[in-house]
Novice: 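After the structure tokens below, expect a handful of questions from me.
All values below were derived from every heavy atom in this structure, side-chain atoms included, with hydrogens, water molecules and symmetry-related copies excluded. So that the names make sense, note that chain A is the first sequence line, chain B the second, and so on, each numbered from 1. Keep in mind that this is a model prediction, so the values were computed, not measured.
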Amino acid sequence: MSRYDARSIEPKWQKAWDEAGTFKAVRDPAKPKYYVLEMFPYPSGRIHIGHVRNYTMGDVIARYKLATGHNVLHPMGFDAFGMPAENAAMASGGHPKDWTYGNIDTMVAQMKPLGFGLDWSRMFATCDPEYYGQQQSMFIDFMEKGLVYRKNAVVNWDPVDMTVLANEQVIDGKGWRSGAEVERRELTQWFFKISDFSEELLDALDGLENWPDKVRLMQANWIGKSRGLRFGFDRVDGGEAIEVFTTRPDTLMGASFIGISPDHPIAKELEAANPEIAAFNARCRKGGTTAEAIETAEKLGMDTGLKVKHPLDPSWELPVWIANFILMDYGTGAIFGCPAHDQRDLDFCRKYDLPVIDTFSSLGVERKSDKHGLPVSLDSSPELGSADAYVPPKTERVVYTKPVFGAPREMTGEQAVEETINIAEKQGWGVGLTQYRLRDWGLSRQRYWGCPIPVVHCEACGVVPEKKENLPVRLPDDVSFDQPGNPLDRHPSWAATDCPKCGKPARRETDTMDTFVDSSWYFARFTAPHADTPTVAEDVDYWMNVDQYIGGIEHAILHLLYSRFFARAMHICGHLPKKAIEPFNALFTQGMVTHAIYVTRDDNDRPVYHFPEDVEVTESGARLGATGEAVEVIPSAKMSKSKKNVVDPEDIIRDYGADTARWFVMSDSPPERDVEWTAAGAEAAAKHLSRVWRMADEIAGMAGAGEGDDDLLRATHKAIAEVTAGIEGFQFNSSIAKLYAFANTIQKSKAGAEAKQAAMRVMAQLMSPMTPHLAEEMWARLGGAGLVANADWPKADPAMLVDDSVTLPIQVNGKRRDEITVPKDMPKDEVEALAMATAGVQRALDGKPPKKVIVVPGRIVNVVA
RNA sequence: GCGGGUGUGGCGAAAAUGGUAAACGCACGAGACUUAAAAUCUCGCGUCUUCAAUGACUUACGGGUUCGAUUCCCGUCACCCGCACCA
């Protein structure tokens with residue numbers, strides 16, 4: 001008997017696939033295509049077990065689709081621009097390019113032994129000039145189509161590193177690296193006009209039926225559509241009217257103040273003349289931008305002394321306040337406050353003693369007056385004990401006691417909003433407006449390691465796109481990271497160029513692109529990865545869309561939304577066909593691989609983490625192997641080097657082989673859920689695979705007839721049906737459970753050599769997507785023709801799936817009392833007679849006649865006593 | 001605060017359309033083989049009834065619909081995720 005030695009067998013089959021070109025994708029109109037893609041990795045240095053799970057899922061699909069007659073595209077590349085490379089250069093010298101390409105080499109070398117069925121000939125990194133040059137070319141196309149523009153925007157500026165920081169790099173108002181107080185600085189930045197597509201990106205979500213609802217919902221929330229009214233409040237002093245936007249125009253008669261943002265033009269104007277206001281505004285602006293800071297921040301306001309007239313009653317004057325909770329970049333940066341129906345406005349009015357006027361109340365509420373002598377409902381009156389504003393769902397019917405439209409009436413908020421908008425439009429003092437939360441996509445980064453924005457600043461001609469024949473605008477190699485700031489900016493010669501338009505000396509743009517740009521079209525580039533245009537029509541026509549996209553939920557919003565925008569923009573510029581404006585037909589978001597954390601405490605009660613191999617886990621608890629100290633076990637934690645709970649795929653491959661790693665990460669948990677890596681589980685996976693190999697080996701050497709060939713054949717067809725259903729339905733854990741059960745069945749079967757060999761060959765095929773190397777080895781040992789990877793997927797014969805007889809449980813009042821085994825097509829009345837005669841039923845009925853008997857053919861019998 | 005999700009043995013989990021709850025695996029226990037161990041194989045394994053099942057209970061908790069509910073409906077609790085001064 002030969003032992004299964006993964007280390008020698010796995011490379012052998014990898015070479016065989018390679019030589020046969022099994023996974024090389026070639027256009028073939030005669031075959032249905034299938035494009036499966038996993039979100040490509042950032043080349044951080046090493047792959048981790050999460051990558052293994054992610055890519056194994058894609059590989060299972062790819063190999064299954066190949067076996068079912070599809071022409072499969074399954075590529076891999078690297079999302080290779082970004083800050084970590086620059087940080088590494090700053091920390092330890094060297095060049096981001098060397099660091100990045102070195103990491104890519106390492107990771108490719110780690111991925112190849114895992115046996116993924118990838119077309120490696122299509123590999124690229126986004127930092128390849130060949131790739132980013134095409135990206136620059138598209139940027140110029142986008143400029144021509146008006147999809148890109150420049151404007152001033154406020155950024156987080158680190159004055160020490162002299163660079164712009166992303167929000168997540170600002171910690172407690174300080175730069176994450178320098179620790180310096182971050183400033184808000186206005187810079188001219190490049191933007192993509194994604195907001196032009198707000199409505200379409202929202203509407204099209206409905207068509208993405210094979211995306212998780214959760215992701216669609218997150219995107220919808222992010223786009224944040226709201227319907228409201230925009231109108232102006234005329235100033236008593238005759239100055240320019242203050243425009244406001246509201247989603248609750250139905251509460252207009254409950255307005256008690258106007259609030260403007262500290263960044264509102266009027267606030268800035270007042271600032272110049274009034275030091276008190278200047279001080280107040282400065283204080284508001286200083287406030288932290290973190291979520292907690294915002295949540296706990298006190299509502300602050302300052303009366304400007306300005307007054308405005310109510311649009312429906314010129315004699316009604318309202319004060320204008322500057323308030324710290326009003327954002328300049330949403331709506332118009334100004335609101336009217338209606339404290340009766342908005343908790344935040346109510347808090348504000350209580351604090352500054354402004355009136356509370358309600359406009360509607362819940363049905364049947366008695367109306368009283370508050371201390372200002374104004375009518376107020378029970379719902380919002382502090383005097384009457386309620387601390388909360390009355391904010392019912394807009395769909396709820398309420399009584400409008402003070403509506404914009406004449407006499408009090410009962411209606412829903414939705415109806416009242418629409419009616420108010422209609423009135424405002426008819427009377428000409430306001431317009432109905434749809435507002436989106438989605439901002440334009442700021443893509444400028446004051447960084448070196450990114451795609452240079454291919455434009456030139458000319459004194460005479462202004463901003464001029466580089467000529468396409470001069471692309472790519474390459475990053476210079478001779479840069480250093482020993483001083484703060486953008487190396488492109490301080491490079492002695494790189495930025496100096498000639499204006500593409502007038503030929504006079506000009507300066508290159510030194511901003512580079514957000515790395516989200518790189519990942520917004522790589523899926524399209526994979527269809528023709530080395531073409532000298534961004535895409536090639538025949539290739540995108542044939543291969544797009546991505547039939548199955550697989551990746552982490554952390555990309556649910558930005559990456560996927562940006563890609564959807566990019567696909568539309570590319571279509572407008574002729575780089576993608578219409579069908580590809582939604583590039584991902586199906587999306588699957590996989591869970592993480594987690595691992596327990598082992599922690600003890602030091603003298604200062606700070607956590608000390610331990611490697612799993614240093615810990616002994618027994619029933620009574622976990623202890624340190626060396627000292628016997630008790631160890632706290634935190635299960636199912638995200639892997640992190642600092643917590644010492646990382647599993648290195650290389651170790652697993654060395655100890656057990658790639659198939660074991662692949663098998664384990666696909667078993668146990670459903671793929672969308674997290675799976676906990678345990679040493680025992682990996683061990684068990686390895687044992688099972690060698691058991692299957694032993695079975696295959698023994699069965700291959702068997703001869704002679706046996707008993708129960710037909711039963712084994714039935715079991716085989718059942719296994720085919722179940723395993724296939726599991727793969728089709730993204731329930732790989734179920735497929736694996738069925739494969740375990742099938743192995744048990746074969747082992748117990750006493751069938752003859754031929755029958756067992758046939759069953760085992762099917763086993764090899766069914767296992768091949770998950771454990772391809774073992775499957776090839778089994779297939780070869782059992783006399784299968786060619787590579788199992790190329791063999792046609794077995795088909796389950798429906799006739800073989802139905803048993804001649806069925807075992808029916810017999811219930812009395814819903815409790816199981818007995819069972820009978822009957823031919824599957826036995827008439828109902830005969831089944832009922834047999835069921836009634838069973839000992840279990842007789843005992844339960846105790847001689848009394850049944851009230852009713854329900855027979856569900858092939859399922860169950862229930863006797864109602 | 002708003003929105004979404006999850007809750008089943010010691011653990012990971014499984015159960016088209018409502019129809020035998022706990023498949024499969026881990027851990028654990030017993031046994032076989034062995035001088036012994038490892039490996040392997042066989043059997044057992046939700047809880048309670050001091051043993052046991054042809055007994056009772058059991059899918060977070062409380063109700064409801066139904067002949068029958070892990071599945072459908074209402075309510076409560078816990079945990080997780082996303083968004084959040086968005087007018």
Novice: Rounded off to whole Å, could you give me the CG-to-P distance for the A:N221 and B:A84 pair?
Specialist: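 A:N221 atom CG is separated from B:A84 atom P by 10 Å.
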Novice: For A:M695 and B:C41, give me the distance from atom CE to atom C1', rounded to whole Å.
Specialist: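 So the two atoms are 13 Å apart, to the nearest Å.
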Novice: Pull up the glycosidic torsion of B:A16 and say syn or anti, syn being anything within 90° of 0.
Specialist: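 With its glycosidic angle within 90° of zero, B:A16 counts as syn.
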Novice: Using a cut-off of strictly less than 4.0 Å, decide whether A:R817 has a side-chain nitrogen or oxygen near OP1 or OP2 of B:G55.
Specialist: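 So the side chain of A:R817 is within the cut-off, an N or O lying under 4.0 Å from OP1 or OP2 of B:G55.
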Novice: Is A:K815 touching bases, backbone alone, or none of the nucleic acid, heavy atoms closer than 4.0 Å?
Specialist: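 Sugar-phosphate: the residue A:K815, judged by heavy atoms under 4.0 Å, touches backbone atoms but no base.
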Novice: Whole angstrom is fine here: how far is it from CG in A:L433 over to P in B:A87?
Specialist: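 So the two atoms are 13 Å apart, to the nearest Å.
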Novice: Could you give the NZ-to-C1' distance, from A:K852 to B:G68, as a whole number of Å?
Specialist: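 Rounded to whole Å, this separation is 11 Å.
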Novice: Can you label the angle between the A:W321 ring and the A:Y352 ring as parallel, tilted or perpendicular, going by 30° and 60°?
Specialist: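 The rings of A:W321 and A:Y352 sit tilted, inter-plane angle from 30° to 60°.
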Novice: Provide the distance between the two C1' atoms, one in B:U6 and one in B:A60, to the nearest whole Å.
Specialist: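 Comparing C1' positions in B:U6 and B:A60 gives a spacing of 11 Å.
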Novice: Could you run through nucleotides 17-22 of chain B and give me one letter per nucleotide, 5' to 3': B if any protein heavy atom sits under 4.0 Å from the base, S if only the sugar-phosphate is that close, - if neither?
Specialist: B-BB--
Novice: A:H264 has an atom NE2; how far is it from atom P of B:C85, in whole Å?
Specialist: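 Those two atoms, NE2 and P, are 19 Å apart.
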Novice: Would you say A:S669 reaches B:G12's phosphate, i.e. side-chain N/O to OP1/OP2 under 4.0 Å?
Specialist: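 Answer is no, no contact under 4.0 Å.
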Novice: In whole Å, what is the span from the OH atom of A:Y330 to the P atom of B:C83?
Specialist: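 Taking atom P of B:C83 as the reference, OH of A:Y330 is at 17 Å.
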Novice: At under 4.0 Å between heavy atoms, what does A:K687 touch on the DNA or RNA strands: base, sugar-phosphate, or nothing?
Specialist: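 Result for A:K687 = sugar-phosphate.
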Novice: What interatomic distance, in whole Å, is found between C1' of B:G19 and the corresponding atom of B:C24?
Specialist: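 It comes out at 22 Å once rounded to the nearest Å.
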Novice: Can A:T420 and A:D250 be counted as having a side-chain donor-acceptor contact under 3.5 angstrom?
Specialist: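 Side-chain D/A pair, A:T420 to A:D250: absent.
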Novice: Under the side-chain contact (heavy atoms from CB on, under 4.5 Å) criterion, do A:S669 and A:R53 qualify, and how do the steps go?
Specialist: CA-CA 11 Å; A:S669 285; A:R53 190 177 188 213; 4.2 Å; yes
Novice: Does A:Y740 make a side-chain N or O approach to OP1 or OP2 of B:G25 shorter than 4.0 Å?
Specialist: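 For B:G25, neither OP1 nor OP2 has a side-chain N or O of A:Y740 closer than 4.0 Å.
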Novice: Expressed as a whole number of Å, how far does the P atom of B:C45 sit from that of B:G82?
Specialist: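 B:C45 and B:G82 have their P atoms separated by 42 Å.
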Novice: So does A:Q343 get a side-chain nitrogen or oxygen closer than 4.0 Å to the phosphate oxygens (OP1/OP2) of B:A84?
Specialist: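 Looking at the OP1 and OP2 atoms of B:A84, neither is under 4.0 Å from any side-chain N or O of A:Q343.
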Novice: For B:A13, give the paired nucleotide (Watson-Crick: N1-N3 plus N6-O4 or O6-N4; G-U: N1-O2 and O6-N3; both under 3.5 Å), or none.
Specialist: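 Partner of B:A13: none.
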Novice: For B:G9, decide between syn and anti, treating a glycosidic angle within 90° of 0 as syn.
Specialist: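 For B:G9, whose glycosidic angle is within 90° of 0, the conformation is syn.
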Novice: To the nearest 0.5 Å, tell me how far A:L834 CG sits from A:D818 CG.
Specialist: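 Between atom CG of A:L834 and atom CG of A:D818 there are 11.0 Å.
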Novice: Quick one, A:H595 with A:I49, criterion side-chain contact (heavy atoms from CB on, under 4.5 Å). Give me CA distance, side-chain angles, the key distance, then yes/no.
Specialist: CA-CA 10 Å; A:H595 193 287; A:I49 200 77; over 6 Å; no
Novice: Taking pairing as Watson-Crick or G-U wobble with both contacts under 3.5 Å, can you name the mate of B:A78, or confirm there isn't one?
Specialist: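 The base-pairing partner of B:A78, which may sit in any strand shown, is B:U6.
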Novice: Nearest whole angstrom, please: distance from the P of B:C41 to the NE2 of A:H688.
Specialist: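 Going from A:H688 (NE2) to B:C41 (P), I get 11 Å.
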Novice: Nearest heavy atom decides the nucleotide; on that basis, is A:E676 or A:D329 closer to the 5' end of RNA chain B?
Specialist: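 Of the two residues, A:E676 wins.
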Novice: Between A:F742 and A:E722, is there a side-chain heavy-atom distance shorter than 4.5 Å?
Specialist: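 Not touching, per the 4.5 Å side-chain cut-off.
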Novice: Any pair with a residue in residues 212-224 of chain A that passes salt bridge (Lys or Arg N to Asp or Glu O under 4.0 Å), sequence neighbours left out, goes on the list, sorted by first then second residue, please.
Specialist: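 Checked against salt bridge (Lys or Arg N to Asp or Glu O under 4.0 Å) - neighbours excluded - the pairs reaching residues 212-224 of chain A are A:D213-A:R216.
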Novice: When you check the phosphate oxygens OP1 and OP2 of B:C41, does a side-chain N or O of A:R691 lie under 4.0 Å from one of them?
Specialist: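 Answer yes for this pair, as a side-chain N or O of A:R691 is under 4.0 Å from OP1 or OP2.
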Novice: Rounding to an integer number of angstrom, what distance separates B:C57 and B:U70 when you compare their P atoms?
Specialist: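 Nearest-Å result for B:C57 against B:U70 at atom P: 13 Å.
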Novice: Could you work out the separation of B:A27 and B:G12 based on their C1' atoms and round it to a whole Å?
Specialist: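 Going atom to atom, C1' in each nucleotide, I get 11 Å.
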Novice: For A:S667, report the nucleic acid contact type (base, sugar-phosphate, nothing); a contact means any heavy atom under 4.0 Å.
Specialist: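 It contacts nothing in the nucleic acid.
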Novice: Is the distance from OP1 or OP2 of B:C24 to the nearest side-chain N or O of A:N733 less than 4.0 Å?
Specialist: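 For B:C24, neither OP1 nor OP2 has a side-chain N or O of A:N733 closer than 4.0 Å.
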Novice: Kindly say if A:R216 contacts the phosphate of B:G4, meaning a side-chain N or O under 4.0 Å from OP1 or OP2.
Specialist: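 Checking B:G4 against A:R216, no side-chain N or O comes under 4.0 Å of OP1 or OP2.
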Novice: Between A:G681 and A:Q747, which is nearer to the 5' end of RNA chain B once each is assigned its nearest nucleotide?
Specialist: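 Looking at the nearest nucleotide for each, A:G681 comes out on the 5' side.
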Novice: What is the separation between atom CZ on A:F664 and atom P on B:C24, rounded to the nearest whole Å?
Specialist: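 So the two atoms are 19 Å apart, to the nearest Å.
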Novice: Scan A:E672 against the nucleic acid and name what it touches under 4.0 Å (heavy atoms): base, sugar-phosphate only, or nothing.
Specialist: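 The residue A:E672 makes no contact with any strand.
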Novice: Please report the distance separating the P of B:A38 from the corresponding atom of B:A32, rounded so that it comes out in whole Å.
Specialist: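 One P to the other, the span is 14 Å.
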Novice: Under 4.0 Å, heavy atoms only, any strand: does A:N744 hit a base, just the sugar-phosphate, or nothing?
Specialist: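 Sugar-phosphate only.
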Novice: Scan every strand shown for a Watson-Crick or G-U wobble partner of B:C72, both distances under 3.5 Å, and answer none if you come up empty.
Specialist: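 Because both required distances fall under 3.5 Å, B:C72 counts as paired with B:G64.
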Novice: Tell me which nucleotide, if any, is Watson-Crick or G-U wobble paired with B:U40 when both distances must be under 3.5 Å.
Specialist: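 For B:U40, the partner nucleotide comes out as B:A32, under the 3.5 Å rule.
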